[in-house]
Asks: 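Once you've had a glance at the structure underneath, I'll fire off some questions.
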Amino acid sequence: MGNVLYVGNQNYSSWSLRPWLVLTWGGISFETRLIQLGGPGYAKRQMPSVLAVSPTGTVPVLHTDGEVIPDSLAIAEWAAERVRALWPADPIARAHARAAACEMHSGFGALRSKTPCNIRRRAEPRTFGADVLSDVARLEALWGTLRSRFGAGGPYLFGGTPTIADAFFTPVATRFRTYRIPASAETQRYLDALLAEPAFKRWEEGAAREPFGMPEWDDA
Ligand SMILES: N[C@@H](CCC(=O)N[C@@H](CS)C(=O)NCC(=O)O)C(=O)O
């Protein structure tokens, strides 16, 4: 069996999008298998269809050579051990890229819970709470610092080639678009680059075609 990446609904599963981008950018051959999220056990990590392939009860999960690797960041690191260009070449830049991906992986809870990933939705303008605005301010500061230090060669955080850090922020870019979160011109240029990236466009087309919705997220 080759590499199989199990993902959740393309429209809603922000964690699934991240390693899917990384494997695609890395040119790693893999098959995508979609598990429709929702129903009994969902949000408790107890969905039988997910537990059948993932010991954590979550997607994404990678099956490779008899190994089962759950977690978006672990899958990204697995890919980076095969394809060096997935992190920046310079060790200092690489350390900052890893820190940024880790910050995304473990943080920004208000933004994640109050603006759930919903790629095809365009919500009405709304007022955001201080907790969401604080996450947005931190993201803008982080992106601005990385872009000004390392991004001179192109539109991404570390220049002309997207890295794992950019993959980790791509779902955030969709949240800015879905919920019309105000952004500085500099931030907007970065978000536009992520949303125009060809692999993301392919995922987005899948999200648009997906026949099943999750009404609880469509009204959030
Ligand atoms: N830390 C995990 C989080 C994965 C996660 O929460 N995935 C969600 C879908 S986006 C899930 O599988 N939820 C199933 C459930 O909560 O029952 C990662 O980075 O992969």
Side-chain angles (χ1 to χ4, degrees), residues 3-26 28 30-64 67-81 86-87 97-121 135 139 162-179 194 199-200 203-204 206-208 210 212-220:
N3 303 317
V4 176
L5 182 68
Y6 290 89
V7 300
N9 308 34
Q10 282 177 254
N11 190 52
Y12 305 98
S13 182
S14 58
W15 292 116
S16 298
L17 169 56
R18 294 174 168 111
W20 188 90
L21 286 175
V22 172
L23 297 186
T24 303
W25 291 345
I28 293 169
F30 69 104
E31 179 194 339
T32 306
R33 290 192 196 157
L34 194 142
I35 298 178
Q36 187 178 340
L37 298 174
Y42 175 64
K44 299 188 186 77
R45 304 186 167 195
Q46 292 298 323
M47 277 184 63
S49 55
V50 177
L51 284 168
V53 294
S54 173
T56 57
T58 60
V59 283
V61 61
L62 178 73
H63 287 213
T64 176
E67 299 296 334
V68 176
I69 304 170
D71 195 276
S72 56
L73 192 50
I75 299 167
E77 287 289 8
W78 173 91
E81 293 196 20
L86 288 168
W87 288 121
R98 284 205 166 100
C102 288
E103 188 173 350
M104 183 67 246
H105 191 251
S106 61
F108 303 109
L111 186 73
R112 278 177 20 215
S113 62
K114 296 189 178 159
T115 62
C117 184
N118 194 328
I119 291 174
R120 60 188 175 218
R121 182 177 178 202
D135 280 354
L139 283 164
T163 68
I164 290 170
D166 298 295
F168 270 70
F169 291 121
T170 298
V172 176
T174 76
R175 290 169 150 106
F176 271 77
R177 182 177 65 179
T178 296
Y179 299 97
L194 293 179
F200 170 72
W203 178 277
E204 182 183 32
E210 226 164 36
F212 27 83
M214 297 178 80
E216 68 271 38
W217 299 128
D218 289 337
D219 296 334

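Here the structure is a predicted model, which means the values were calculated and not measured. In listed order, ligands and their atoms are each counted from 1.
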Asks: Return the set of residues passing side chain to side chain contact (heavy atoms under 4.5 Å, CB included) with A199 (not counting sequence neighbours), or none when no residue passes.
Replies: W20, L21, T24, W25, E197

Asks: Once side chain to side chain donor-acceptor pair (under 3.5 Å) is applied, what residue pairs with a partner in residues 36-56 remain, sequence neighbours excluded?
Replies: S54-T56, T56-T58

Asks: Please name all residues satisfying side chain to side chain contact (heavy atoms under 4.5 Å, CB included) with R121, sequence neighbours left out, ordered by chain then number.
Replies: N118, A123, R126, T178, Y179

Asks: After noting the C-alpha distance and the side-chain angles of R98 and E77, does the key distance pass the salt bridge (charged side-chain N to carboxylate O under 4.0 Å, His left out) rule?
Replies: CA-CA 10 Å; R98 284 205 166 100; E77 287 289 8; 3.2 Å; yes

Asks: Kindly tell me which protein residues have any non-hydrogen atom under 4.0 angstrom away from an atom of ligand 1, grouped by chain and ordered by number?
Replies: S13, W15, L37, G41, Y42, A43, K44, R45, G57, T58, V59, P60, D71, S72, H105

Asks: In Å, rounded to the nearest 0.5 Å, how long is the span from CD of E204 to CG of L17?
Replies: 10.0 Å

Asks: Is there a donor-acceptor pair under 3.5 Å between the side chain of N3 and the backbone N or O of I28?
Replies: no

